Amino acid sequence: MLACSSSSDAAGGNGADGGVDAAAPFDASYDGAGLVCGDAGTLAPMSADPDSGPVDVASYCLTLINGYRAQQGLAPYWLKDTSASAMCCATAEAAQAATTKGHVNGGCGWTSQGFCGGGRNPDGTVKASMDWCPKLFFQEGPTGGHYQAMMRPEPRGIMCSFYALSRDQHAIVVDYY
């Protein structure tokens, strides 16, 4: 089951409304397996579909969101920052969100944030979970805060992150800048 919530108002919020600070600093390094984000671990490719840990969903999430934007004739969003530090900041937020089951303010500089969480069940995948998150945002319709953040008329940068504590508990965080 996937749930979602939003931590901003329609105007974008300030990112400081009740979030929990993610662990900082956002240590980033590389090993033979890829980007290592401090205590959060090594960012796995989405195709690996790991049971736990961080997963690189940024480009896929952006594609999904831009698909909904295109349906409404809106210009695409872009990935805000693909640096190791920015990716690890977003990953730390997703890890904290998976633990607290809610929004976080990890100091990544966003103006609003969307959150989805839940479990994948035995046959679910990271990809299937990612497919649901923007779909739920879109289904809120024009009066919903998630919809308004995702469908804002002016294009802007976003970051997306995924972290699983287990197959039964994960978080997807979409940061809007």
Side-chain angles (χ1 to χ4, degrees), residues 1-26 37 40 43 54-118 126 129-164 169-177:
M1 182 174 160
L2 202 60
C4 61
S5 62
S6 177
S7 73
S8 72
D9 59 30
N14 65 8
D17 51 345
V20 177
D21 286 338
F26 306 106
C37 293
L43 213 57
V55 180
D56 184 359
V57 297
S59 292
Y60 186 70
C61 178
L62 177 67
T63 298
L64 292 172
I65 288 171
N66 282 338
Y68 287 105
R69 289 182 59 76
Q71 288 178 24
Q72 302 299 312
L74 299 172
Y77 284 167
W78 64 88
L79 289 180
K80 172 69 174 164
D81 188 347
T82 58
S83 70
S85 177
M87 296 294 284
C88 286
C89 185
T91 296
E93 286 186 338
Q96 188 71 12
T99 302
T100 63
K101 299 180 183 176
H103 290 279
V104 297
N105 186 0
C108 297
W110 45 265
T111 59
S112 62
Q113 182 181 77
F115 163 84
C116 296
V126 171
S129 293
M130 287 304 308
D131 289 343
W132 271 105
C133 191
K135 181 178 182 177
L136 290 173
F137 292 177
F138 187 76
Q139 287 177 341
E140 279 186 355
T143 61
H146 289 99
Y147 181 95
Q148 291 172 13
M150 191 170 84
M151 305 304 282
R152 184 178 181 172
E154 305 82 22
R156 60 182 168 172
I158 66 169
M159 294 291 285
C160 298
S161 54
F162 180 103
Y163 190 91
Q169 188 173 348
H170 72 267
I172 299 166
V173 174
V174 181
D175 292 337
Y176 299 94
Y177 294 85

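This one's a predicted model, so the numbers in the text were calculated from it and none came from an experiment. Starting from 1, each residue takes its place in the sequence as its number.
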For this session: Using the side-chain hydrogen bond (donor to acceptor under 3.5 Å, both in side chains) rule, collect all pairs that involve residues 62-75, keeping only residues at least two apart or in two chains.
Result: R69-Y77
Problem set entry | 4.5 Å side-chain heavy-atom contact, C160 and L62 | no
For this session: Working to the nearest 0.5 Å, report the span between CE of M87 and CG of D56.
Result: 4.5 Å
Exercise. Rounded to the nearest 0.5 Å, how far apart are CD1 of I65 and CZ of F138?
Worked result: 12.5 Å
For this session: Under the disulfide bond (SG atoms under 2.5 Å apart) rule, what do C133 and C116 come out as? Steps first, then yes or no, please.
Result: CA-CA 6 Å; C133 191; C116 296; 2.2 Å; yes
Exercise. Closest heavy-atom contact between C108 and A90?
Worked result: SG-N, 3.8 Å
For this session: Might you work through the side chain to side chain contact (heavy atoms under 4.5 Å, CB included) test for S112 and R156, ending with a clear yes or no?
Result: CA-CA 12 Å; S112 62; R156 60 182 168 172; 3.9 Å; yes
Problem set entry | With Y60 via side-chain hydrogen bond (donor to acceptor under 3.5 Å, both in side chains) - residues at least two apart | K127, D131
Exercise. In Å and rounded to the nearest 0.5 Å, what is the CG to OH distance from L43 to Y163?
Worked result: 11.0 Å
Problem set entry | Side chains of E93 and W110 in contact at under 4.5 Å (non-hydrogen atoms) | yes
For this session: Have a look at Y176 and tell me which of R152, Q113, M150, M159 forms a side chain to side chain contact (heavy atoms under 4.5 Å, CB included) with it.
Result: M150
Exercise. Which atom names give the shortest non-hydrogen contact between P155 and A75, and what distance separates them?
Worked result: CG-CB, 3.9 Å
For this session: Test side chain to side chain contact (heavy atoms under 4.5 Å, CB included) on I158 and D175 and set out the steps.
Result: CA-CA 5 Å; I158 66 169; D175 292 337; over 6 Å; no
For this session: For S161 and A94, work out which heavy atoms get closest and say how close.
Result: OG-CB, 3.4 Å
Problem set entry | Side-chain touch M130/I172, heavy atoms, less than 4.5 angstrom | yes
Problem set entry | Atom pair CH2/NZ of W78 and K80 - distance to nearest 0.5 Å | 7.5 Å
Exercise. Going by heavy atoms in the side chains, are P142 and Q148 under 4.5 Å from each other?
Worked result: no
Problem set entry | Ring centres under 6.0 angstrom apart (F162, H170) | yes
Problem set entry | SG-SG distance C37 to C88 under 2.5 Å | yes
For this session: Report the C-alpha separation of D81 and Y177 in whole Å, then their side-chain angles, then the decisive distance to 0.1 Å, and conclude whether the side chain to side chain contact (heavy atoms under 4.5 Å, CB included) test is met.
Result: CA-CA 10 Å; D81 188 347; Y177 294 85; over 6 Å; no
Seminar exercise, completed: What one should report as the nearest heavy-atom pair of Y147 and G141 is CB-O, 2.9 Å
